Amino acid sequence: MNGYGGHILRVDLTNGKLTKEPTPAGLARDFIGGRGFGAYFLFKEVPKGADPLGPQNKLIISTGPFSGLMIPGAGKCDFATKSPLTGGYASASMGGHFTAEIKYAGIDSIILEGISPKPVYLFIDDDKIELRDAGDLWGKGTFAVEKHFKEKLGEEFQVAVIGPGGENLVPYACINHDYGRQAGRGGVGTVMGVKKVKAIVIRGTKSVHVANMDAYRAAGKALYKACKDAEFLAEWTRYGTTVVTSWCDEVGALPTRNFSAGSFEGGKGIYGQTMREKIVITDKGCFGCPSPCGKYSHAKKYNAYVEGPEYETIGLLGSNLGIDDIEAVAQANWLVDDLGIDSISTGNVIGWAMECYEKGILSKKDTDGLELNFGNAEATFALIEKIAYREGIGGLLAEGVKSASAEIGKGSERFAIHVKGMEQSGYATHNATAMLLAYMTCDVGAHHNRSWAITYDLQVGRELVVPEKVARVIWLQNFRPMFDVLGSCRLQWVELGINRDLYLPALEAITGVNRTWEDLEKVGERIWNLTRMYWARENEGFGRTWDMPSPRFYEDAPKTGATKGQITKLEDVNKLLDMYYEQRGWTSDGLPMPDKLESLGLTAVVA
Ligand code: SF4
């Protein structure tokens, strides 16, 4: 098939069996690739009720038709699994240079199945595919392991690796690559850990066939030209995602002290501008990227060399913990990356612990003697290590904020900031109704990237609870994840503002199939409904209550900052859900109706 590697690689870890099968043409037609493949394989192949940490769960790594080709940022792949954090669908996107090698090895998806009896790494060099012993690497940090493989095999091998967090089954462990890119959310690294796969090491040298080479060249050129001509390119490249830090602070969206406010009095210390001046050494980009958002930094105070911190890490490990020193945030970033735990969930759960400590719910004897006041950077570093190794209080925090707060009780559930068990990412959603709804209904839990609606809130009136806002969230949820399906970065569209229609001739030239955005958004809607059905299948009683946000956003108005005194009323939260379900064609309890599934061609898939 044009634009595809052509094979699905199955790795049976229990028996050490490796098999390749042709990528089904019908799958490419209906789900295209990337996140679409991951959602489909998860629904069809992981049996109902499978233990996320058991042998029946699978880790599915998928590229898309753009992956590895000359399309801006075409270095993205999707990691899908049943989440050990939420018990529902997990999907994490990873950039860097790993994806291109998968494609060049003639593979569209790698599916890890079963559980290996001992630590291994998966070695792929085109058609030479082997499971090799990783006993001597088990227990090591991600940076050392990546360096080990680069030195041993050569720079052209790309490495995806877990750290001690994944080995110790912290349910929000991530997968690291390229010394700073992650498949971060939902515990994809935990599933790799329980399968005892320390790393995947890959090199591919094959060609990818495209349907029309001349048209592909022309379409690729047009896309790169649009990026190059974009007005925002220079500023974006200078600051990357940290460009939004000061804006978020100004408008009250910067998570501050466990999301109790959206503006931080120490904000300037962690703004993108401060970071650029104080610690950034150089810019760093993913495969084929004309607008590198990665910032490689050196925090002299700690002698930490790290890619980042990017905005989410600054928000969650900085202001959310009351830390106003960018060097301390960079050190925390280095630790979570090396230990292989998600910076967003980690910052969120530490923020919750700090609030518990300041409210007297946790005392020094519960915290192994640590003074967990907001702003304590040294205690943050210690907690990160304790979480990854599950030592002392780290054992509690390693379970995630939903489980930890359920165990501690004493009202701490009210300020556990999560949806469906996934800790909320970097936007405080007091009186920002579209962004709040985006978090409530996101298909993996409280994650921002499916529908980044905060700017729309500001544009049309943040407190409005109207059908237009709901429609905007739904449109973004159907459209934005298409980049994860195609295997390229969305930020050239989001940040540089390039015309999305420029992607269509490229897709046609590569695959030979003419598709409109209407058609692609339908695929996005198909995946959205399939993953909703997955949540419902795996969780008895799944429905509206699962979509509720933390009470913090409808009960606790911030006492300081730009959103001081502002809140969304509970009745408005429910109104948002009513409108959302209606516009989605779901029941009033949030379940897709049979005619909706029929219209999306999903009846047979979910049967
Ligand atoms: Fe990677 Fe950033 Fe470029 Fe996207 S914009 S491809 S995330 S470097």
Side-chain angles (χ1 to χ4, degrees), residues 33-35 63-79 91-103 158-160 174-185 220 223-245 272 275-276 280-297 306-315 333 337 342-344 425-426 447-450 452 479-500 502-503 506:
R35 206 171 74 87
T63 67
F66 282 169
S67 304
L69 296 179
M70 290 318 291
I71 302 295
K76 294 280 184 182
C77 62
D78 176 81
F79 289 70
S91 149
S93 166
M94 186 176 83
H97 301 263
F98 185 72
T99 315
E101 300 301 323
I102 301 178
K103 196 76 166 285
Q158 297 297 335
V159 183
C174 63
I175 298 167
N176 230 44
H177 158 61
D178 200 24
Y179 303 106
R181 291 278 156 181
Q182 286 82 30
R185 307 230 65 199
L223 277 161
Y224 278 99
K225 184 173 182 321
C227 294
K228 195 167 156 268
D229 293 345
E231 229 175 89
F232 195 52
L233 177 65
E235 196 168 351
W236 171 254
T237 304
R238 187 160 173 76
Y239 300 112
T241 58
T242 72
V243 77
V244 300
T245 316
M275 173 171 152
R276 184 86 209 186
V280 173
I281 304 169
T282 189
D283 306 320
K284 190 165 174 273
C286 304
F287 171 89
C289 179
S291 49
C293 71
K295 304 295 143 228
Y296 199 69
S297 304
V306 68
E307 178 175 346
E310 56 85 51
Y311 170 70
E312 292 293 326
T313 304
I314 290 176
N333 192 164
D337 284 2
D342 173 29
S343 65
I344 297 173
S425 63
H447 195 46
H448 61 283
N449 80 343
R450 308 301 205 238
W452 191 62
F479 163 60
R480 277 173 67 109
M482 287 315 297
F483 289 97
D484 302 326
V485 168
L486 295 168
S488 69
C489 180
R490 68 173 65 79
L491 294 174
Q492 289 75 26
W493 170 74
V494 179
E495 302 293 347
L496 304 186
I498 68 170
N499 184 344
R500 70 175 190 159
L502 289 171
Y503 289 95

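Just follow the structure's listing: the first ligand is 1, and inside any ligand the first atom is 1. Predicted, not measured: the structure shown is a model, and the values here were computed from it.
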Residues that Phe479 engages under ring-ring contact (aromatic ring centres under 6.0 Å, His included), provided they are two or more places apart =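 Partners of Phe479 by the ring-ring contact (aromatic ring centres under 6.0 Å, His included) criterion, ordered by chain and then number, come out as Trp475, Phe483, Trp493, Trp517.
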
Not counting sequence neighbours, which residues clear ring-ring contact (aromatic ring centres under 6.0 Å, His included) with His97? List them please.
->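 Here no residue qualifies.
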
What is the minimum heavy-atom distance between Leu496 and Cys227, and which atoms define it?
-> CD1-CB, 3.9 Å

Side chain to side chain contact (heavy atoms under 4.5 Å, CB included) partners of Tyr224, counting only residues at least two apart =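 Partners of Tyr224 under the side chain to side chain contact (heavy atoms under 4.5 Å, CB included) test: Met70, Pro72, Pro290.
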
Looking only at atom types and distance, does a side-chain atom of His448 sit under 3.5 Å from a main-chain N or O of Ser425, one as donor and one as acceptor?
-> no

Under 4.0 Å from any heavy atom of Arg181, which atoms of ligand 1 are there?
->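 Atoms satisfying the 4.0 Å criterion: 1 (Fe), 7 (S), 8 (S).
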
Under 2.8 Å from atom 4 (Fe) of ligand 1, which protein N, O or S atoms are there? Could you list them by chain and number?
-> Cys489 SG

Flag for Asp78-Ser91: side-chain donor and acceptor within less than 3.5 Å =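 Yes, Asp78 and Ser91 have a side-chain donor paired with an acceptor closer than 3.5 Å.
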
